[in-house]
Amino acid sequence: MTMTTRQYRLTPGTTGLALQQDTRQLPLLAEDQILIRIGAVSLNYRDRLVQQDAATTRSGLVPLSDAAGTVVAVGRHVSQWREGDRVSPGFFAAWQDGPFKPHHLASALGGGSNDGVLSDYVIAQADAVVAVPDHLSLAEAAALPCAGVTAWHALFERGQLQAGETVLVQGTGGVAMMALQLASAHGARVIVTSSSTAKLRRAEALGAWATINYREEADWDKAVLDLTEGVGADHILELGGPATYTRSLNAVAHGGRIAQIGVLSGFDAAPHITPMQFKNASINGICVGSLAHHVRLNQFMTQHGIHPIIEHQFAFDEAPQAYSALAEANHMGKLVVTLD
Ligand SMILES: NC(=O)c1ccc[n+]([C@@H]2O[C@H](COP(=O)([O-])OP(=O)(O)OC[C@H]3O[C@@H](n4cnc5c(N)ncnc54)[C@H](OP(=O)(O)O)[C@@H]3O)[C@@H](O)[C@H]2O)c1
């Protein structure tokens with residue numbers, strides 16, 4: 001049977017790449033593949049970078065990495081999934097488990113030349129998806145592949161977070177709010193920074209131990225030291241980039257860990273890292289995570305009954321508005337597009 005799918009593609013526009021909706025025929029399913037009817041997708045800051053990067057993004061690329069949906073057909077050699085199962089593609093189709101290898105990077109969905117998930121139907125390798133936890137809607141599960149797995153990898157896989165430790169997250173976007181929820185559930189004390197006092201009040205309601213408005217208190221590193229009686233934060237999710245590196249080095253505790261994750265203020269200006277040696281502190285580079293990380297994140301979410309924070313859900317035809325909302329950055333947590 002011939003099937004078609006609605007999808008968005010990134011094509012050259014007047015400034016960078018523009019979203020264009022079209023309808024295409026789906027290829028035939030290979031014997032080790034599954035066909036997923038997508039229920040929801042979510043946006044990440046990375047999707048802005050992909051859209052702006054006409055040099056490395058293939059013209060015609062289907063964007064976005066994060067989705068959840070329902071299996072509607074399986075290839076004849078697929079035994080682990082059945083029609084009706086709810087699944088979510090992993091961010092890196094090739095990174096199943098174990099250490100990160102160079103070829104894993106090239107398997108990221110929705111970037112470079114790999115089509116993503118902003119589509120009614122997606123074909124995936126059967127071993128490149130994870131089951132959606134029962135307590136989550138498809139919209140909630142679509143919030144996890146990039147932001148959730150990154151926060152989990154940074155805090156629990158590399159960070160070995162312990163109850164009672166202090167965690168600092170920067171801003172109130174997708175990665176930061178997932179980290180707040182995960183770390184709080186584990187018994188850590190989470191400090192949240194934000195440009196918005198209203199968002200900080202919401203973060204407190206979500207369990208933040210302390211909050212700092214980084215616009216009003218530019219020396220937020222000193223505020224972290226004050227809050228922790230001079231000790232500093234045991235874990236810092238470094239999301240800001242050049243605007244925040246140096247203060248993160250100042251605010252991290254002796255023996256603490258900085259998870260180098262974000263580029264919100266750009267890619268330049270490497271910090272002066274010598275202070276790390278006098279603190280016996282570490283910098284962990286974090287690049288999302290593996291399917292095994294995703295599975296363990298889902299187990300933790302289930303155990304603690306955690307639901308990701310979704311600021312707004314857009315309809316499929318409103319995907320361009322979802323991109324605009326991401327750029328405006330008034331959201332807390334995630335922005336989601338739901339499909340019929
Ligand atoms: N390495 C990886 O594998 C990986 C994975 C996921 C994300 N990332 C990166 O992590 C960053 C966050 O991604 P996301 O998807 O969570 O973003 P997002 O949802 O778009 O969040 C954006 C928020 O970041 C905050 N922000 C902006 N500039 C800031 C600054 N200078 N200092 C502190 N906070 C600032 C703002 O929060 P307020 O409005 O509250 O101030 C803004 O609303 C991005 O740079 C992204 O590329 C990397």
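Both counts, for ligands and for their atoms, begin at 1 and track the order of listing.
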Check this for me: [X], atom [atom1], are more than 12 non-hydrogen atoms of other residues, nucleotides or ligands nearer than 6.0 Å?
X: Gln20; atom1: CD; result: no
X: Arg37; atom1: CZ; result: no
X: Leu49; atom1: CG; result: yes

Any Cys287 heavy atom less than 4.0 Å from ligand 1: yes
Heavy atom of His331, distance to ligand 1 below 4.0 Å: yes
Part of Thr150 within contact of ligand 1 (heavy atoms, under 4.0 Å): side chain
Structural part of Cys146 in contact with ligand 1, heavy atom criterion under 4.0 angstrom: side chain
Please say whether [X] places an N or O atom under 3.5 Å from an N or O atom belonging to ligand 1.
X: Thr172; value: yes
X: Ile286; value: yes
X: Ser195; value: yes
X: Tyr45; value: yes
X: Ser265; value: no

Gap between atom [atom2] of [Y] and atom [atom1] of [X] - 0.5 Å precision:
X: Ile258; Y: Ile286; atom1: CD1; atom2: CD1; value: 12.0 Å
X: Leu182; Y: Leu161; atom1: CG; atom2: CG; value: 9.5 Å
X: Trp220; Y: Leu227; atom1: CH2; atom2: CG; value: 12.0 Å
X: Phe278; Y: His254; atom1: CZ; atom2: NE2; value: 10.5 Å
X: Lys101; Y: Phe92; atom1: NZ; atom2: CZ; value: 14.5 Å

Nearest neighbour of atom 41 (O) of ligand 1 from the list Phe92, Tyr214, Phe267, on a heavy-atom basis: Tyr214
The one among Val263, Val175, Leu326 that brings a heavy atom closest to atom 16 (O) of ligand 1: Val175
Check each atom of ligand 1 against the heavy atoms of [X] and keep those under 4.0 Å away; list them by number with element.
X: Gly262; result: 9 (C), 10 (O), 11 (C), 45 (O)
X: Ile261; result: 1 (N), 2 (C), 4 (C), 8 (N), 9 (C), 10 (O), 48 (C)
X: Leu239; result: 10 (O), 45 (O)
X: Gly171; result: 25 (C), 34 (N), 37 (O), 40 (O)
X: Thr244; result: 32 (N)
X: Ser194; result: 38 (P), 40 (O), 41 (O)

Residues Glu165, Arg257: salt bridge by 4.0 Å N-O rule: no
Lys NZ or Arg CZ of Arg296 over Phe156 ring: under 6.0 Å, within 45°: no
ILVMFWY network linking Leu339 to Leu136, side-chain heavy atoms under 4.5 angstrom: no
Protein heavy atom at shortest distance from atom 42 (C) of ligand 1: Ala329 CB, 4.1 Å
